Structures are given as C-alpha cells and as structure tokens.
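Note that this is a predicted model, so its numbers are computed, not measured.
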Amino acid sequence: MQIALANPTHISEVVTFFNENLDSNNSAVYYEEFLCPLGIKAAIRRKQMIVSTVKGQVVGAFRSYRKKTQNKISLYQFAISGVYRGQGLLKNDVKNDK
C-alpha cells in the first residue's frame, strides 16, 4: 500500500472513487462539493488531497484544508473502499513503514 499526496494524474480516478464510495443520500455528505468533480480537481491542484493506493488503484482518499485563522489543518472529506473499511488502513500502513 502506498500513501501519497494526490497529483493531477489522480483526478479522474479520485472523482470516480468518491462517486462510488460516497452516497449523496448519506447525512454525512452535507456539501454537494463532496461529489463535485471541479471541487475534487481544485483540492488536488492545491495539494489538499492524500490518496492511499494498492497496486496503483485508489482505495482511500482524504481531503484536508488549512484553517486560515489557526495553524491547524482539518479533515474535510474522506472515503475508504468498502473492502478496506475496518481494517486499520492507515494504522497498519504506518506500522509497516517502520
């Protein structure tokens, strides 16, 4: 598994990934921007999206933004492929890198 900053080559795959793994009827999806291809593209171009890939396929995507009034970042949007949910995706990857 690889975790990296998303780059413009990931745009179409991340758009598809979010459309497949986020449901617009879910109460947690309270901004249409979560599913907007232009918002996803802008986040990737601003270096605000991290992707987790397995064999080159996106299995997780995490969008953050820097709070302008504080020296903090916030998790804005994320999704994990159903196959990898509940398996400690990031926790296990960090352990494997040590």
Side-chain angles (χ1 to χ4, degrees):
M1 179 177 306
Q2 299 285 320
I3 296 176
L5 195 60
N7 63 59
T9 64
H10 291 113
I11 291 172
S12 63
E13 189 175 2
V14 172
V15 167
T16 300
F17 175 78
F18 277 131
N19 284 329
E20 290 173 352
N21 291 282
L22 293 178
D23 182 356
S24 62
N25 295 321
N26 185 319
S27 63
V29 179
Y30 46 89
Y31 292 121
E32 287 183 24
E33 182 182 4
F34 284 178
L35 300 173
C36 174
L38 295 176
I40 293 167
K41 180 179 179 179
I44 290 173
R45 293 198 184 279
R46 285 188 216 117
K47 300 181 187 312
Q48 296 173 329
M49 183 82 66
I50 295 170
V51 291
S52 179
T53 58
V54 173
K55 296 181 182 176
Q57 182 178 3
V58 174
V59 298
F62 313 87
R63 183 176 177 182
S64 63
Y65 69 93
R66 184 176 178 273
K67 291 186 174 187
K68 294 175 183 164
T69 59
Q70 302 171 358
N71 194 22
K72 296 179 181 181
I73 61 168
S74 291
L75 181 61
Y76 181 70
Q77 170 187 20
F78 72 94
I80 297 172
S81 172
V83 175
Y84 291 91
R85 290 181 193 155
Q87 296 183 22
L89 184 68
L90 292 176
K91 181 177 166 183
N92 290 337
D93 191 56
V94 171
K95 282 183 189 176
N96 292 334
D97 284 347
K98 289 184 179 182

Distance check, rounded to the nearest 0.5 Å: [X] atom [atom1] versus [Y] atom [atom2]?
X	Y	atom1	atom2	answer
Phe18	Met49	CZ	CE	4.5 Å
Ile40	Phe17	CD1	CZ	10.5 Å
Thr16	Asn21	OG1	CG	10.5 Å

Please find the pair of heavy atoms, one from [X] and one from [Y], that lie closest to each other, and give the distance.
X	Y	value
Val58	Val14	CG2-CG2, 4.5 Å
Ile80	Arg85	O-NE, 2.6 Å
Arg63	Gly39	NH2-O, 3.2 Å
Val51	Ala6	CG1-CB, 3.9 Å
Ile3	Ser52	CG1-OG, 3.9 Å

Practice task
Using the side-chain contact (heavy atoms from CB on, under 4.5 Å) rule, take Asn71 and Arg66 through it: C-alpha gap first, then chi angles, then the decisive distance, then the call.
Solution key: CA-CA 7 Å; Asn71 194 22; Arg66 184 176 178 273; 3.8 Å; yes
Problem - Heavy atoms from other residues, nucleotides or ligands near CG of Leu5 exceed 12 (cutoff 6.0 Å) - result: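 More than 12 heavy atoms, drawn from other residues, nucleotides or ligands, come within 6.0 Å of this atom.
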Practice task
State which residues pass side chain to side chain contact (heavy atoms under 4.5 Å, CB included) with Gln57; sequence neighbours excluded, sorted by chain then number.
Solution key: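 For Gln57 the side chain to side chain contact (heavy atoms under 4.5 Å, CB included) partners, ignoring immediate neighbours, are Glu13.
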Practice task
Tell me whether Val54 is reachable from Phe78 by hopping between hydrophobic residues (I, L, V, M, F, W, Y) whose side-chain heavy atoms are closer than 4.5 Å.
Solution key: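 Yes.
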Practice task
Check the pair Lys41 / Val15 against side-chain contact (heavy atoms from CB on, under 4.5 Å), numbers first and verdict last.
Solution key: CA-CA 8 Å; Lys41 180 179 179 179; Val15 167; over 6 Å; no
